Amino acid sequence: MPELPEVEVTRRGVAPFVTGRVIRAAIARNRRLRWPVPASLETLAGRTVRAVERRGKYLLFACDGGHLIVHLGMSGSLRLLPAGTPPGKHDHVDLVFGARVLRLRDPRRFGAVLWTEAAPETHPLLAHLGVEPLSRALTAKRLYELTRGHRTAIKHLLMDARRIVGIGNIYACESLFLAGIDPRAPAGRLSRARCARLVVSIKQILRKAIRAGGASLRDFVRSDGEPGHFQLRSWVYGRPGLPCRRCGAALRRIVQGQRATFYCPRCQR
DNA sequence: CTCGCCACCTGGGGGC
DNA sequence: TGCCCCCAGGTGGCGA
C-alpha cells in the first residue's frame, strides 16, 4: 500500500475530477472493511464534494455537512472510471458522479471508509496523529525532540504515526539509507546532526516519490485507472543480498518488530 | 505512558 | 498441476 506519496498522488489525481461535483449515489457492495462501512455512507447522495484533503495516509473528502474519511490500508486503490464499468471482485465502494465513478478496490480489506460530521481532526483515528513530514513543522529540532527518551530503534519510531505520519516500511528504509543511519540505532541517541540529515532525507525521498507518481508496487494503481508503471528505484528496499548501489557491499534483510528492514551494513552505521 | 506482539484479510510466488 | 508455506506497503488494540 500506499504510503504518504501514493496517497498524495491519489489525492492529486482524484481532486480535479470530484471537487465541486455532486455525488449522485454512494454504493457499498461490501461493507466489511477494517471497520464496517457505516450506513451513513448512503447519505452522501446529493452532497457536493468541496475539497479533497490528506492527513497522514488518510484521504478526507470534505463534503457539505461532513467528511468522508478514506484509508487505503495495505492494498487499497482509488480509481476514476466511466460510470457503469462493471465492478470486480474487490471493488467494494463507489461514489458516482454523473459520467464517472470513483471506485475503491481493496483486496485485503485493511482499508477504511468512514463518515464524520464533526471536525475531522477530532475524529479518534486522526486526533493523535503526529507531524506531517513535508510540512515546515518537521524540522531537525522537532525530530530531535521527538526521539529523546526513546530506546526504540529509529526505524520503528519513523513508522509510528503518533510521532510522524506517512512513513511506512519502504520510505523508512530508504530515508535511513540516504541519511547513512543504521535502522537499529536507538532513536534517543541520535545526535542533532544526524536528526538534521534524517529530516532532509525524509523530505527528499517523499518529494521524489510524489514526483515519480508514487512508487508503484503490486497493488497501487493510478487514479486514472492506468496501472502505475513508474517505480521509484529503491536503494535498499527489497534488495537483500544485492550489491549496494553506492558502495557495493551486500545489502541485508533483518526483521524489526515483525517487519522486514533492508539496509547497507557499510553505508549505514 | 511505553513496549512488544497479535490480528485483521487476500493473493502471489517459490518449493516440492 | 496442485498444495503448502511464506511474504506483503498499515495500524488499532491488547496485556505487561
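Keep in mind the model is a prediction, meaning the values are calculated, not measured. By convention in this document, chain letters (A, B, ...) are assigned in the order of the sequence lines, proteins followed by strands, and residues within each chain are numbered from 1.
Dashed line: the shortest gap from a side-chain N or O of A/Arg109 to OP1 or OP2 of B/dT10 is under 4.0 Å. In this model, the phosphate group of B/dC3 is not approached by any side-chain N or O of A/His156 to a distance below 4.0 Å at OP1 or OP2. Checking the phosphate oxygens (OP1, OP2) of C/dA8, no side-chain nitrogen or oxygen of A/Arg259 falls inside 4.0 Å. In terms of phosphate contacts, A/Lys89 brings no side-chain nitrogen or oxygen within less than 4.0 Å of OP1 or OP2 of B/dT10. Residue A/Tyr237 places at least one side-chain N or O under 4.0 Å from the OP1 or OP2 atom of C/dG9.
For the atom pair CG of A/Leu129 and CD of A/Glu121, the computed distance is 11.0 Å after rounding to the nearest 0.5 Å. One distance of note links CG of A/Leu134 with CD1 of A/Ile210; it measures 5.0 Å at 0.5 Å rounding.
Between the side chain of A/Arg108 and the base of B/dC9, a donor-acceptor pair under 3.5 Å is found.
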Enumerate all atom pairs, one protein N or O and one N or O from nucleotides 12-16 of chain C, separated by less than 3.5 Å.
unit_1 : atom_1 : unit_2  : atom_2 : d
C/dG12 : OP1    : A/Tyr58 : OH     : 3.0
C/dG12 : O4'    : A/Arg34 : NH2    : 2.8

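Between A/Phe262 and A/Tyr237, the two ring planes are perpendicular [angle over 60°; tilted spans 30° to 60°].
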### Task
Go through the steps to decide whether A/Asp182 and A/Arg269 satisfy the test salt bridge (Lys or Arg N to Asp or Glu O under 4.0 Å), and finish with yes or no.
CA-CA 5 Å; A/Asp182 187 322; A/Arg269 297 185 176 273; over 6 Å; no
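Across all strands shown, B/dC9 remains unpaired; no Watson-Crick or G-U wobble contact has both distances below 3.5 Å. Nucleotide C/dG9 forms a pair with no other nucleotide shown, judged by Watson-Crick or G-U wobble geometry with both contacts under 3.5 Å.
If you take CZ of A/Arg253 and C1' of C/dC6, they are 10 Å apart, rounded to a whole angstrom. If you measure from atom CG of A/Leu72 to atom P of B/dT10, you get 18 Å, rounded to the nearest angstrom. Remark: P of B/dC8 and CG of A/Asn30 are 16 Å apart, rounded to the nearest angstrom. If you measure from atom CG of A/Leu114 to atom P of C/dT11, you get 13 Å, rounded to the nearest angstrom. The distance between atom CG of A/Asp106 and atom C1' of C/dT11, rounded to the nearest whole Å, is 14 Å. Atom CD1 of A/Ile170 is separated from atom C1' of C/dA8 by 10 Å (rounded to the nearest Å). Atoms CZ (A/Arg32) and P (B/dA7) sit 18 Å apart, rounded to a whole Å. Here C/dT11 presents its C1' atom at 13 Å from CG of A/Leu126, a figure rounded to the nearest Å.
Between A/His90 and A/Gly149, the residue whose closest nucleotide on DNA chain B is further toward the 5' end is A/Gly149.
Remark: the backbone N or O of A/Ala179 is paired with a side-chain donor or acceptor of A/Arg197 at under 3.5 angstrom. A distance-only check finds no donor-acceptor pair linking the side chain of A/Asp64 to the backbone of A/Arg47 [under 3.5 Å].
Counting non-hydrogen atoms under 4.0 angstrom, A/Arg163 reaches the backbone sugars and phosphates but no base.
Side chain of A/His71, nearest nucleotide from B/dC6, C/dG10, B/dT10: C/dG10. Picking from C/dA8, C/dT11, B/dG11 the nucleotide with the shortest atom distance to the side chain of A/Lys57 gives C/dT11. Comparing B/dT2, B/dG11, C/dG10 against the side chain of A/Phe110 picks out C/dG10 as the nearest. If you check C/dA8, B/dG11, B/dC5 against the side chain of A/Gln258, the one that comes closest is B/dC5.
For C/dC3 and B/dC9, the P atoms lie 24 Å apart once the distance is rounded to whole Å.
A salt bridge between A/Arg148 and A/Glu145 is absent, with no side-chain N of the basic residue lying under 4.0 Å from a carboxylate O of the acidic one. By the 4.0 Å N-to-carboxylate-O rule, A/Asp160 lies close enough to A/Arg163 to be salt-bridged with it.
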